[in-house]
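So the structure is just underneath, and the comments pick up after that.
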Amino acid sequence: MKNKISGAEAMLRALLAEGVDTVFAYPGGSIIKVFDALYDHCCDIRQILVRHEQGATHAAQGYARVSGRIGVAIVTSGPGATNTITGISDAMLDSTPIVVIAGQVGTDALGTDAFQEIDLVGVTQPITKWNYQIRRAEDIAWAVAHAFYIAGSGRPGPVVLDFTKTAQVGMIDFKPEHIEYIRSYIPSPDPDMRQIEAAVSLIDKARKPLVLVGHGVELGQAEKELREFIEKGGLPAARTLLGLAALPTDHPLNMGMLGMHGNLAPNIKTNECDLLIAVGMRFSDRVTGTLSTYARQAKIIHLDIDKSEFGKNVKPDVAVLGDCRKTLKLITERMAKADHKEWIESFKPLDKEEFDKVINNALYPASGPLKMGEVVKAVSDQSPDNSILVTDVGQNQMFSARYFKFRSKRSIVTSGGLGTMGFCLPAAIGAAFGAPERMVFAFQGDGGFQMNIQELGTVMQTGAPVKMIVLNNTYLGNVRQWQQMMFNCRYSCTHMMNPDYSKVAAGYSIPYKRVEKREELKDSIAEMINFKGAFILEVIVMDEENVMPMIPPGNSVDNMIFSLAGN
């Protein structure tokens, strides 16, 4: 027995074999054996004690999104496990590679409704890429190797390992496993050259092409290939919310952001182009508007690593299956060099219209209360070039996405598909540990900040140098905007009474400053940026400001409005 180790120790050695250096964790009775083993690995694995298991999953997401590695969360059974459901769901919809290891009762107690027992495999099956219950210590190496391979390969996603007490205490001779192949699982299909040639033919014939850049470009590490593709073809490109950092904001072929609160020109031109080239995106309803009128005039090429996306929402004329890093390169090599100057010039009058009707007033108000957009711009103007933007969900998210300047890849961390309020603070903590050499700015509304405000305790304990900007308008702003637009300003349950954030910050020993006047903003941001650690900057902004332009729900992408009635 002297060479044997416990299953708990074997789990940690398996994680080390996968290169894990950080775990976001919250202990409990059904996982205590693993935490006891962690005690001996403080020099090998950084252990971040979060304040809620949802925070563990979002922190793992933030870590994964900026580092390109797999985020790891370790929690206990029962409520500890079920508290991870939101983060797992978020990771599934946004294709974020995380592994959640949850404690479970012993195998002899399974199915008996034992204390803190929950069927985690059954609960998470629809929201994971793979899940598995480890019942024997002998299965740990196999399960961990499969978990990390599946989570990180192909289209990434979350994996759950349900780790029984029986497996944790079992004694085994341990040897880590490494796998690069699973029968019937093809994470990165070989490109079909017929589809490559068909795509090239459409691109060479197009007179009004438009490239839609999605999150898949970042996931496939294809930023360089994307630039070479659009530059050779002279192809204007627009980005989805999660694709914003795949192309620098100031690139001459970057036409802006797509979607409900995106830029006017790319949305209008979607319904004018003769060829739509979608790269690593899923045609979300927030991008397409009503499908019945979406790009009906255009031929459509769709590049994606997941064939289930082809035709799910929009039927492509050419479906190019494969890793976009490979498929973009193959297409670029074969297509003709071109430019579309006249077509690109046609975007500019729409840009000017949006600037005159929306952007000028959002960023450069002559008087009145501070606005969210000008705060975002002011932070972006002073931020280092490799800064990371983390946002919550709501108006703060849309203003940040519109007006923060993206200069480096993997520079945006936000909840796209699930739209999870409370995502920002724990995700920003994870991002700070995933990219410690970069500055992390966490933009939150007063509503989302309070949803996981307990994670300030994690900031306090770990010293995570997150720059937190709380845009305080005393409203759940996004819902209030919809209530104004569609419910005759009947503001039901959207006005908020907020705490004194200066006292909250003091309680967590985090430096804090409150800004109410425009003339204080620039210097206050500089103070925040120059401070070496975490900082909370609360900015009092216009209470009933709206994010514009906007595609009203149920409308076509080319039907954008610039104001709401009464504004």
Side-chain angles (χ1 to χ4, degrees), residues 8 11-12 14-16 18-28 30-32 34-35 37-39 41-77 79-92 94 96-103 120 124 128 144 147-148 151-152 156-163 388 390 413 415 420 422-436 440 442 451-466 534:
M11 172 61 73
L12 297 180
L15 295 180
L16 287 168
E18 294 293 340
V20 173
D21 62 5
T22 305
V23 297
F24 303 93
Y26 203 95
S30 290
I31 197 71
I32 197 167
V34 172
F35 280 83
L38 264 173
Y39 189 87
H41 286 278
C42 59
C43 295
D44 306 320
I45 299 175
R46 184 168 43 198
Q47 302 152 37
I48 308 301
L49 172 63
V50 296
R51 298 306 189 262
H52 190 282
E53 292 88 355
Q54 182 184 350
T57 52
H58 291 327
Q61 287 179 272
Y63 176 94
R65 293 268 284 272
V66 302
S67 70
R69 303 173 68 186
I70 296 171
V72 178
I74 303 178
V75 301
T76 195
S77 64
T82 58
N83 281 344
T84 67
I85 298 302
T86 297
I88 294 168
S89 303
D90 197 288
M92 186 68 176
D94 286 350
T96 305
I98 65 172
V99 172
V100 176
I101 300 164
L120 187 61
T124 61
T128 51
V144 171
F148 276 77
V159 168
V160 166
L161 293 177
D162 195 33
F163 195 18
I388 295 168
V390 186
V413 180
S415 173
T420 304
F423 173 88
C424 180
L425 179 53
I429 294 169
F433 286 106
V440 177
M451 275 200 169
N452 273 314
I453 199 169
Q454 76 283 341
E455 296 307 329
L456 289 175
T458 308
V459 174
M460 175 179 64
Q461 185 166 346
T462 64
V466 178

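We count residues from 1, following the sequence as given.
- For the pair Tyr63/Val72, no side-chain contact is recorded, criterion being any heavy-atom separation below 4.5 Å from C-beta on.
- Remark: side-chain polar atoms of Thr57 are not paired, donor with acceptor, to backbone N or O of Ile88 under 3.5 angstrom.
- Annotation for Phe433: atom CZ counts as buried by contact number, over 12 foreign heavy atoms lying within 6.0 Å.
- When side chains are defined from C-beta on, Tyr26 does not count as touching Asn83, because their heavy atoms never get closer than 4.5 Å.
- For Ala427, the side-chain contact (heavy atoms from CB on, under 4.5 Å) test picks out Val390, Val413, Phe423, with sequence neighbours left out.
- A 4.5 Å side-chain heavy-atom check between Ile85 and Thr124 finds at least one atom pair inside the cut-off.
- Using a 4.5 Å heavy-atom threshold, the side chains of Leu38 and Leu12 count as touching.
- Here the shortest heavy-atom pairing between Ala151 and Ile98 reads CB-O, 4.1 Å.
- Among residues two or more places apart in sequence or in another chain, the salt bridge (charged side-chain N to carboxylate O under 4.0 Å, His left out) test is passed with Asp21 by Arg69.
- A 4.5 Å side-chain heavy-atom check between Glu18 and Ile70 finds every atom pair outside the cut-off.
- Contact detail for Leu49 and Pro27: the closest heavy-atom pair is CD1-CD, 3.8 Å.
- By the neighbour-count criterion of 12 heavy atoms within 6.0 Å, atom CD1 of Ile453 is densely surrounded, having more than that number from other residues, nucleotides or ligands.
- No side-chain heavy atom of Asp162 sits under 4.5 Å from any side-chain heavy atom of Ser77.
- In this structure, Leu15 CG and Ile45 CD1 are separated by 5.5 Å, a value rounded to the nearest 0.5 Å.
- Checked against side chain to side chain donor-acceptor pair (under 3.5 Å), Thr462 has no partners two or more places apart in sequence or in another chain.
- Asp90 places no side-chain N or O within 3.5 Å of a backbone atom of Thr86 that could act as its donor or acceptor partner.
- Closest of all the heavy-atom pairs between Ile31 and Ala102 is CD1-C, 4.3 Å.
- Not counting sequence neighbours, the partners of Gln461 by the side chain to side chain donor-acceptor pair (under 3.5 Å) test are Arg51.
- Contact between Gly71 and Ala64 at its shortest, heavy atoms only, is N-CB, 3.8 Å.
- Residues Gly152 and Pro97 approach most closely at CA-CB, 4.2 Å, considering heavy atoms.
- Met11 is not listed as a side-chain neighbour of Ile74, based on a closest heavy-atom distance of 4.5 Å or more.
- Heavy atoms only, all atoms of each residue included: Ala435 and Ile388 are closest at CB-CD1, 3.9 Å.
- By the side chain to side chain donor-acceptor pair (under 3.5 Å) test, Thr128 is found to be paired with no residue, residues two or more places apart in sequence or in another chain being considered.
- Taking the side chain as every heavy atom from C-beta outward, Leu16 and His41 approach each other to under 4.5 Å.
- Side-chain atoms of Glu53 never come within 3.5 Å of backbone atoms of Ala73 as a donor-acceptor pair (strictly under, hydrogens ignored).
- Listed by chain and number, the residues in a side-chain contact (heavy atoms from CB on, under 4.5 Å) with Ala534 are Val459, Met468, Ile510 (sequence neighbours excluded).
- His58 NE2 to Thr96 OG1: the interatomic distance, rounded to the nearest 0.5 Å, is 11.0 Å.
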